[in-house]
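Working notes, structure below.
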Protein chains: 2
Amino acid sequence: MPRAPQISLLEDHLGYWLRMVSNHVSHAFSQKVAGQDVTVAEWVVLRTLFATGTTTPSRVADEMKMTRGAISKLVDRLLAKDLVSRRSSKEDRRWQDVALTPSGRALVPRLAALADENDAEFFGALSDDERAALERILKKIVRQRHMAAVPVD
Amino acid sequence: MPRAPQISLLEDHLGYWLRMVSNHVSHAFSQKVAGQDVTVAEWVVLRTLFATGTTTPSRVADEMKMTRGAISKLVDRLLAKDLVSRRSSKEDRRWQDVALTPSGRALVPRLAALADENDAEFFGALSDDERAALERILKKIVRQRHMAAVPVD
DNA sequence: TATTGTTATACTCTATAACTATA
DNA sequence: TATAGTTATAGAGTATAACAATA
């Protein structure tokens, strides 16, 4: 009598390894930015505003693939920390213009440096070829699955 | 005249791409297992119990790198769904023996099939070489950063 | 009526710390 | 006193849906 068919193992899945590495990388980064009193989600908003200038919650939500409600709360927190400003647009008062404050603008390069540091910590031991391969493969998946609104590279 | 030195871009970081892909993969998987009324964290517990047999919350916490409090709540939910059982160990009544119930045991292969499906969806379009490279690089990082207690491969 | 945004509600995930039971 | 586990509390992240303001 044959044994019951084997089911696939947790570790057989690339998704498993990807999640493990990604969770560690993100967790380490969140520890680093916590020292600047921001969260990872807040960092992404700040970085988006830095790149795009004044924008609206809807556009941020689209770019970050989050709901408007979620962005609303994030922006509330960033307002409380005086890192962004928010006010009604003159053209259409349904819109809110969200922008970095001077202290928000000053903070972004510091956070970017932490991101550099974090990347070096996790990927620095890879060879140039390995890093290039990883980047290429990840971007290929992003492209095929139409994941991003962003990729400006 | 060269322009002012740029700060690193969000998209310059491998961590950024890794997180983007991983989030999408995990999100898609969570949608799939939600159809079986379980979450991803619950799935990992079930899969661990399937592999190791009866164990204790502490050991699960160690393997999953979570706190005992978090595991306690997860096990509560799994108990409520009749997917695991929990009772004091006879040897040392501080310990709790946690094990799959028959319905928990029956569910694991169905969830494993969903994991297979999800992996195929995201990584199926890669070449064999690309998949192998991705796996090798991720495991190298896991090894170097001492991420896992698990890797039985 | 359609759109932008906020608020209310809820649930998962996770941590820390206080607490209980057992040894 | 030390260990296993639970519970209380809290906060991030996220979603859905109800709502308000504006067009």
Side-chain angles (χ1 to χ4, degrees), chain A residues 19-20 22-24 26-34 36-46 54-81 83-99, chain B residues 19-20 22-24 26-46 54-81 84-99:
Chain A
R19 185 156 48 86
M20 181 180 294
S22 178
N23 285 172
H24 280 259
S26 290
H27 186 255
F29 183 57
S30 83
Q31 299 282 90
K32 290 186 178 69
V33 296
Q36 302 290 324
D37 194 30
V38 295
T39 66
V40 175
E42 287 166 5
W43 150 245
V44 177
V45 173
L46 293 174
T54 300
T55 187
T56 68
S58 286
R59 278 192 284 167
V60 177
D62 286 347
E63 282 185 30
M64 291 183 66
K65 301 292 181 190
M66 288 169 62
T67 62
R68 283 173 297 160
I71 297 299
S72 196
K73 287 208 304 185
L74 268 175
V75 171
D76 283 347
R77 284 215 307 275
L78 291 168
L79 271 173
K81 294 175 189 173
L83 296 173
V84 306
S85 62
R86 176 171 62 188
R87 60 159 213 268
S88 295
S89 162
K90 294 208 167 166
E91 297 148 33
D92 182 335
R93 280 161 52 213
R94 288 175 301 184
W95 262 272
Q96 296 285 312
D97 283 338
V98 178
Chain B
R19 186 155 49 86
M20 180 180 294
S22 178
N23 285 172
H24 281 259
S26 289
H27 186 255
F29 183 57
S30 83
Q31 298 284 88
K32 289 186 179 69
V33 296
Q36 302 290 325
D37 193 31
V38 295
T39 67
V40 175
E42 288 166 3
W43 149 246
V44 177
V45 173
L46 293 174
T54 302
T55 186
T56 68
S58 287
R59 279 192 283 169
V60 177
D62 286 348
E63 282 185 31
M64 291 183 65
K65 301 290 182 192
M66 288 170 61
T67 61
R68 283 173 298 160
I71 297 298
S72 195
K73 288 211 301 187
L74 268 175
V75 171
D76 282 347
R77 285 215 306 276
L78 291 169
L79 269 174
K81 294 174 187 173
V84 305
S85 62
R86 176 170 61 189
R87 61 159 213 267
S88 295
S89 163
K90 293 208 168 169
E91 296 148 33
D92 182 334
R93 280 160 52 209
R94 288 175 302 184
W95 262 275
Q96 296 286 311
D97 284 337
V98 178

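Numbered from 1 within each chain, the chains take letters A, B, ... in sequence-line order.
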Interatomic distance, A:D76 CG vs D:dA12 P [rounded to whole Å]:
12 Å

Select base, sugar-phosphate, or nothing to describe what B:R86 touches, counting heavy atoms under 4.0 Å on all strands.
sugar-phosphate

Closest nucleotide among D:dT3, D:dT6, D:dA21 to the B:R94 side chain
D:dT3

N or O in side chain of B:R93 less than 4.0 angstrom from C:dT22 OP1/OP2
yes

Atom CD1 of A:I71 and atom C1' of C:dT4 are separated, to the nearest Å, by 14 Å

Is a donor-acceptor contact shorter than 3.5 angstrom present between the side chain of A:K73 and the base of C:dT7?
no

Hey, does the side chain of B:S26 reach the backbone of B:S22 with a donor-acceptor pair shorter than 3.5 angstrom?
yes

Nucleotide of D:dT6, D:dA12, D:dA15 approaching A:T39 most closely (side-chain heavy atoms)
D:dA12

D:dA15 P sits how many Å from B:H27 NE2, rounded?
6 Å

Within this structure, what is the NE2-to-P distance between A:H24 and C:dT14, rounded to whole angstrom?
11 Å

Looking at A:T67, I'd like to know whether one of its side-chain N or O atoms comes within less than 4.0 Å of OP1 or OP2 on D:dA15.
yes

A:M66 has a side chain; which of D:dT22, D:dA15, D:dA4 sits nearest to it?
D:dA15

In whole angstrom, give the distance that lies between atom CG of A:L79 and atom C1' of C:dG5.
13 Å

Pairwise distance CG(B:D97) to OG1(B:T55) - rounded to 0.5 angstrom
8.5 Å

For residues B:S58 and B:R68, report the shortest heavy-atom separation together with the two atoms involved.
OG-CD, 3.7 Å

Could you tell me how far apart B:L74 (CG) and C:dC13 (C1') are, to the nearest whole angstrom?
8 Å

Which residue lies more 5' along DNA chain D, comparing A:E91 with A:M64 via nearest heavy atoms
A:M64

What's the CZ-C1' distance between A:R59 and C:dG5, to the nearest Å?
14 Å

Can you tell me how far P of D:dA21 sits from CD of A:Q96, to the nearest Å?
13 Å

Donor-acceptor check, side chain of A:K81 to backbone of A:D37, threshold 3.5 angstrom: yes or no?
yes

Quick check on D:dT7: is either OP1 or OP2 less than 4.0 Å from any side-chain nitrogen or oxygen of B:S72?
no

Determine the minimum heavy-atom distance between A:L78 and A:V45, stating which atoms define it.
CD1-CG1, 3.7 Å

Roughly how far apart are B:D76 CG and B:I71 CD1, rounded to 0.5 Å?
11.0 Å

Would you state whether a donor and an acceptor, one from the side chain of B:R68 and one from the base of D:dG5, lie under 3.5 Å apart?
yes

Under 4.0 Å between any heavy atoms, over every strand shown, what does B:S88 touch: base, sugar-phosphate, or nothing? Just pick one.
nothing

Between A:W95 and A:N23, whichever has its closest DNA chain C nucleotide further toward 5' is A:W95

Please confirm whether the shortest side-chain N or O distance from B:R77 to OP1 or OP2 of C:dC13 is below 4.0 Å.
yes

